[in-house]
Amino acid sequence: MINKQRIIDRFISYITIDTQSDPHSTTTPSTDKQWVLAQKLAGELKEMGMTEVSIDNHAYVMATLPANVPHKVPVIGFISHFDTSPDFNATNIKPQIIENYDGNDIILNKEKNIILSSEYFDDLKQYKGQTIITTDGTSLLSADDKAGITEIMTAMKYLLDNPEIPHGKIRVGFTPDEEIGRGAHKFDVEKFGAEWAYTMDGSQIGELEFENFNAAKAIVKVNGKGVHPGYAKDKMVNSQYIAVDFINSLPRLETPEHTEGRQGFFHLSDMKGDVEETVLEYIIRDHDLGHFEARKEMIQDLASEICSQYENDCISVEIIDQYFNMKEKIEPVMHIIEIAENAMKAVNVEPILKPIRGGTDGAQLSYMGLPCPNIFAGGHNFHGKYEYVPVESMQKATEVIVKIAELTSENYK
């Protein structure tokens, strides 16, 4: 049985280290503070007895659990990211531990009247009677993805302490900058040397995902003409008004707050401007590759249409592909999904196969030659003050890792 208190202690030791990444940085890792946890993890891996422990010039951490069986077993891996989202405060995280949760609202911060509502966040109710770790309402929790790191580290320690459990060679990897889309950019797949891997980066217990969005970023620059407003008739062109026309011309119901499942969207993630220039930043998402390409074309066509109403090219568009749906790379090796499903069932977890409305390191790694579906890490409400994780979900995720290792060995006898 995976020790519950050890999971809590390990998790808290990780989340209290600020590892927030920075999308505006050009370095890897994007923030120096990510090195603190990377080096801690490398040290802990060595201390517990893992071999081939390395940390490269970009803070990617890798290590090996040697095989303990005589027969040949494919090398498998487990991967999580140690950076924290830049979407909300990640400094001075003060976790709260609620034991034997009663199913009602949780007061995160009495002074600021911040409440984790069990009616609004109704997933909470399924964890009645369990131990919940929450924030204090002033920061995110960073269970995304320090829950995943906790589970991988705990599973490796458990396998080392219980050598009677058969397994092949297992590789583990921890990456920076996943939250800003760069977690796999400098991941050395050849050095990692696994035939396949799993990212421990999903949400609720049971999730098993091998489909994700195709993703792109669009930077829309709108150019205007600044003229003294007292003498602006027939001369001024206000870029902000043109930008508003652009925003309102995209399908209003094809946005994150109106879509679910495999439905794609346009998301206006940032907007800055004045009369002379307005810059809109969009993310474009769709599970279907054809629809994804059509969305990118729509952005370009709309810019051309609006520009035709003016004398010059008032809008420029730059579209940058970010990652693609891993389904294409996983379907030829569906046995790796079957192993994960069977592992979950063996530890009394009901598998929930669903598409990811987002992306993980695994999406990019799958296209780099390392098939890498995603398994639940247990957290909910990522990237904000209402984030929480049930400890029992982390326990089960750890058990799943151990069982995958065991089943893989048995399948290749």
Between Asp270 and Lys272, is a salt bridge (charged side-chain N to carboxylate O under 4.0 Å, His left out) present by the stated rule, with each step listed?
CA-CA 7 Å; Asp270 194 37; Lys272 294 184 179 70; 2.6 Å; yes

Are Arg262 and Glu211 close enough, and set up right, to give a salt bridge (charged side-chain N to carboxylate O under 4.0 Å, His left out), and what steps lead you there?
CA-CA 9 Å; Arg262 290 181 175 81; Glu211 297 180 57; 2.8 Å; yes

Residue pair Leu141, Thr134: steps toward the side-chain contact (heavy atoms from CB on, under 4.5 Å) verdict
CA-CA 7 Å; Leu141 185 63; Thr134 73; 6.0 Å; no

CA sep, side-chain torsions, deciding dist, call: Tyr386, Ile114, side-chain contact (heavy atoms from CB on, under 4.5 Å):
CA-CA 9 Å; Tyr386 300 110; Ile114 301 172; 4.0 Å; yes

Under the criterion side-chain contact (heavy atoms from CB on, under 4.5 Å), I'd like the reasoning laid out for Asp245 against Tyr241: C-alpha separation, chi angles, the key distance, then a yes or no.
CA-CA 6 Å; Asp245 287 343; Tyr241 294 147; 5.5 Å; no

Go through it in stages, so that I can follow the logic: the residues are Phe210 and Asn374, the test is side-chain contact (heavy atoms from CB on, under 4.5 Å), and I'd like the CA-CA distance, side-chain angles, deciding distance and then a yes or no.
CA-CA 6 Å; Phe210 64 94; Asn374 191 45; over 6 Å; no

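A ring-centre distance under 6.0 Å is found for Tyr198 and Phe78. The ring of Phe192 has its center closer than 6.0 angstrom to the ring center of Phe187.
Taking the charged nitrogens against the carboxylate oxygens, Glu257 and Arg252 do have a contact shorter than 4.0 Å, which makes a salt bridge. Between Lys217 and Asp321, none of the side-chain N atoms (NZ, or NE/NH1/NH2) sits under 4.0 Å from a carboxylate O, so this pair counts as no salt bridge. Salt bridge absent: Asp188 and Lys186 never bring a charged side-chain N and a carboxylate O closer than 4.0 Å. Look at Glu44 and Lys157 and you find no salt bridge, because none of the NZ, NE, NH1 or NH2 atoms lies under 4.0 Å from a carboxylate O. Remark: Arg295 engages Glu254 in a salt bridge, criterion side-chain N to carboxylate O under 4.0 Å.
For Asp102, the CG atom counts as densely surrounded, since its 6.0 Å shell holds more than 12 non-hydrogen atoms of other residues, nucleotides or ligands. For His71, the NE2 atom sits in a packed shell: over 12 heavy atoms of surrounding residues, nucleotides or ligands are nearer than 6.0 Å. Counting non-hydrogen atoms of other residues, nucleotides and ligands closer than 6.0 Å to CD of Gln5 gives a total above 12. Within 6.0 Å of atom NZ in Lys191, more than 12 heavy atoms from other residues, nucleotides or ligands are found, so the atom counts as buried in its surroundings. In Glu190, the CD atom is not crowded: 12 or fewer heavy atoms of neighbouring residues, nucleotides or ligands sit closer than 6.0 Å. Around atom NZ of Lys128, no more than 12 heavy atoms belonging to other residues, nucleotides or ligands sit under 6.0 Å away.
Both tests do not hold together for Arg357 against Phe213: distance to the six-membered ring centre under 6.0 Å, angle to the ring axis within 45°.
For the side-chain hydrogen bond (donor to acceptor under 3.5 Å, both in side chains) test with Lys354, the passing option among Gln204, Glu207, Glu209 is Glu207; the others fail.
One finds the CD atom of Gln240 at 4.5 Å from the OG1 atom of Thr278 (value rounded to the nearest 0.5 Å). We find the OG1-CD1 distance between Thr154 and Ile149 to be 11.0 Å, quoted to the nearest 0.5 Å. One finds the CD1 atom of Ile205 at 7.0 Å from the NZ atom of Lys396 (value rounded to the nearest 0.5 Å). Distance check, rounded to the nearest 0.5 Å: CG of Leu124 to CD1 of Ile98 gives 9.5 Å. Atoms CG and NZ, from Leu45 and Lys40 in turn, are 11.0 Å apart once rounded to the nearest 0.5 Å. We find the OG1-CD1 distance between Thr84 and Ile93 to be 6.0 Å, quoted to the nearest 0.5 Å.
Between the side chain of Ser142 and the backbone N or O of Asp144 there is no donor-acceptor pair closer than 3.5 Å. Here the side chain of Tyr367 pairs no donor or acceptor atom with the backbone of Leu370 at under 3.5 angstrom. The backbone N or O of Ala405 sits nowhere less than 3.5 Å from a side-chain atom of His167 that would complete a donor-acceptor pair. A donor-acceptor pair under 3.5 Å links the side-chain atoms of Asn214 to the main chain of His287, judged by distance alone. In this structure, Glu387 contributes its side chain and Ala143 its backbone to a donor-acceptor pair below 3.5 Å. Between the Thr135 side chain and the Lys385 main chain, a donor and an acceptor come within less than 3.5 Å of each other.
Residues Ala90 and Leu140 come closest through the heavy atom pair CB-CD1, 3.7 Å. The shortest non-hydrogen separation linking Pro66 to Thr51 is CG-OG1, 3.7 Å.
Side-chain atoms of Ser118 and Asn104 form no donor-acceptor pair, as typed in the model, at a separation below 3.5 Å. Looking at His24 and Asp22, their side chains never bring a donor and an acceptor atom within 3.5 Å of each other. Side-chain contact check for Arg171 and Thr64: at least one donor-acceptor pair (N or O, by modelled atom type) lies under 3.5 Å.
Ring geometry for His335 versus Trp196: interplanar angle over 60°, hence perpendicular rather than tilted (30 to 60°). Under the 30°/60° scheme for interplanar angles, the aromatic rings of Tyr388 and His380 are found to lie parallel.
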